[in-house]
Amino acid sequence: MSAQTVTADRQGLLSCHACHLLSRSPRSPGGLAVYCPRCGASLHRRKPNSLARTWALVIAAIIFYVPANLLPITRVVSLGQAQSDTIMSGVIYFIHSGMWPIALVIFIASVAVPLLKLLILMYLLISVQRKSTWRAKDRTRLYRIIEAIGRWSMMDIYVVTILVALVNLGALATIEAGSGAVFFGAVVVITIFAAMSFDPRLIWDEKESQDE
Ligand SMILES: [Zn+2]
């Protein structure tokens, strides 16, 4: 990174998030909202309150992660007997049945990935707040990864939905989604929003200001 790096911010330019038009930012915005001259979307240098918003969503997701894992995600009634399963008891059931590839997929998609995403987001938040300049490129790569895998952590919801549809076709057993599924869905959606509200350009701002 050389001192000659040209950034829109240094040139006094703002990029529109909606239509990507570059426009010159006013000399003294004075807290006034600036709008894109082409499409009318509000313009800002960085996503507003990115750190505070992302922290709020990450903390909410961590709180919901607890009932998502402790409450049953499915409830099966078969021949008058009811059985409730949490994510982990489902994983253990599949291991005991010898279907360890399914157990592995469910464990990675439903337990490990959501937790890993939240840990990475917390690390990015803390590193930006501590004005770290350490391995900015790798941290940006981490951000791209968690942004990309967001939609793939809905696995359990798909599995439950398919199971409910399949099993209810037969009259012997009924299966319904447990309350854990609601919390699990909430964790996934809130984490996607948390990743969206984090502005990865913040990772580079400290490095840019040191180069000046
Ligand atoms: Zn625009």
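Read the numbers this way: they start at 1 and go in the same order the structure lists the ligands and their atoms.
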Heavy-atom closest contact (P114 atom, Y65 atom, distance):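 Here P114 and Y65 meet closest at CB-CE1, 4.0 Å.
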Where is the tightest heavy-atom contact between W204 and P200, given as atom of each residue plus distance?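 Nearest heavy atoms, W204 then P200: CD1-O, 3.8 Å.
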Flag H20 as yes if one of its N/O/S atoms falls below 2.8 Å of the Zn ion (ligand 1), otherwise no.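 It does not; every qualifying atom lies at 2.8 Å or beyond.
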Does H17 put an N, O or S atom under 2.8 Å from the Zn ion (ligand 1)? no
Euclidean distance, R201 CZ relative to R46 CZ, rounded to 0.5 Å: 4.5 Å
SG (C39) to the Zn ion (ligand 1) to SG (C19): angle, nearest 10 degrees?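 C39 SG and C19 SG form an angle of 110° at the Zn ion (ligand 1).
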Say whether, by atom type as modelled, one donor and one acceptor occur between the side chain of D85 and the main chain of T74 under 3.5 angstrom. no
